[in-house]
Amino acid sequence: LAKTTQPISMDSYEGQEVNITCSHNNIATNDYITWYQQFPSQGPRFIIQGYKTKVTNEVASLFIPADRKSSTLSLPRVSLSDTAVYYCLVGGGPSNNDMRFGAGTRLTVKP
Amino acid sequence: GAVVSQHPSRVICKSGTSVKIECRSLDFQATTMFWYRQFPKQSLMLMATSNEGSKATYEQGVEKDKFLINHASLTLSTLTVTSAHPEDSSFYICSAARGVGETQYFGPGTRLLVL
């Protein structure tokens with residue numbers, strides 16, 4: 001089971017781009033990388049998922065280097081409402097339910 | 001979309017009573033559902049994984065006789081906390097996936113307070 005390591009917390013200001021990096025040195029060949037956002041007293045919300053290279057959707061980009069031992073979630077032009085905890089999960093893929101939440105990164109966006 | 005609901009959103013009960021929490025996938029069929037528990041300022045801890053029509057697989061340290069999980073249909077899973085005690089007070093969150101290994105979509109969570 002791949003373990004993930006993220007910074008405990010990050011601060012940013014409105015309008016800035018925020019990059020959160022997650023290390024997953026023992027990622028398995030079939031593992032996907034998934035990022036979730038969680039606000040207090042709410043369930044996690046799916047942000048983005050990828051396997052390799054770069055994935056982009058309407059809210060974020062996910063950069064995955066060739067060795068897949070890390071990944072970076074990029075949030076363009078953050079706002080106060082992006083203040084939340086961000087979790088990187090590794091796992092899933094064909095016939096594999098095994099994924100665990102790490103400690104997550106608490107992002108605080110300041111005005 | 002992929003919407004998951006939970007009911008109730010919060011519940012207060014007396015010590016020794018049982019509480020049932022429902023998790024529904026509203027716009028998709030979920031072969032696999034998961035139950036998590038989250039204490040304040042901590043991450044989510046997986047309690048169990050259930051596949052529709054079969055028994056749930058519990059994580060180490062989670063008592064299967066205390067936390068009864070039923071996944072009787074492709075859109076509904078229930079978690080029953082039996083003989084609840086104050087230490088069971090927590091935020092319980094479910095998630096649902098269309099298939100094994102597929103993306104999990106989470107419910108809004110249920111806040112349980114046992115007095």
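Each chain gets a letter, A, B and so on, in the order the sequences are listed, and its residues count up from 1.
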(message) Around atom CZ of B/R10, are there more than 12 heavy atoms from other residues, nucleotides or ligands closer than 6.0 Å?
(response) no

(message) Is it the case that atom OH in A/Y13 sees more than 12 heavy atoms from other parts of the structure closer than 6.0 Å?
(response) no

(message) Only heavy atoms, only distances under 4.5 angstrom. Which residues in residues 40-56 of chain A are near chain B?
(response) A/S41, A/Q42, A/G43, A/P44, A/F46, A/Q49

(request) Identify the residues of residues 101-111 of chain A whose heavy atoms come closer than 4.5 Å to a heavy atom of chain B, ordered by number, or report 'none'. (result) A/F101, A/G102, A/A103, A/R106

(message) Do B/V4 and B/C23 make a side-chain contact, defined as non-hydrogen atoms from C-beta onward lying under 4.5 Å apart?
(response) yes

(message) Is there a side-chain contact between A/F63 and A/S74 in this structure, where contact means two heavy atoms from C-beta onward sitting under 4.5 Å apart?
(response) yes

(message) Apply ring pair (Phe, Tyr, Trp, His ring centres under 6.0 Å) to residues A/Y36 and B/F106 and explain how you reach the verdict.
(response) CA-CA 10 Å; A/Y36 289 89; B/F106 287 81; 5.1 Å; yes

(request) Name the region of B/L46, side chain, backbone, both or neither, that has any atom closer than 4.5 Å to a heavy atom of chain A. (result) side chain

(message) I need the contact set between residues 79-96 of chain B and chain A: heavy-atom distance under 4.5 Å, sorted by residue number.
(response) B/F91, B/I93

(message) So if I take each residue of residues 27-39 of chain B and look for any heavy atom under 4.5 Å from a heavy atom in chain A, which residues do I end up with?
(response) B/T32, B/F34, B/Y36, B/Q38

Check: [Y] main-chain N/O paired with [X] side-chain donor or acceptor under 3.5 Å:
X	Y	answer
B/T110	B/P8	yes
A/H24	A/T5	no
B/N51	B/S54	no
B/E52	B/L74	no
A/N26	A/K3	yes

(request) Kindly determine whether B/E59 and B/K64 satisfy salt bridge (Lys or Arg N to Asp or Glu O under 4.0 Å), including the steps that lead there. (result) CA-CA 9 Å; B/E59 293 298 300; B/K64 63 180 181 180; over 6 Å; no

(request) Please answer: with hydrophobic residues joined when any side-chain heavy atoms are less than 4.5 Å apart, are A/V90 and B/M45 in the same cluster? (result) no

Under a 3.5 Å threshold, yes or no: a donor from one side chain and an acceptor from the other, between [X] and [Y]?
X	Y	result
B/S77	B/H71	no
B/T78	B/N70	no
A/T72	A/T21	yes
A/E14	A/S79	no

(message) Please determine whether a side-chain nitrogen of the Lys or Arg among B/K20 and B/E22 lies less than 4.0 Å from a carboxylate oxygen of the Asp or Glu.
(response) no

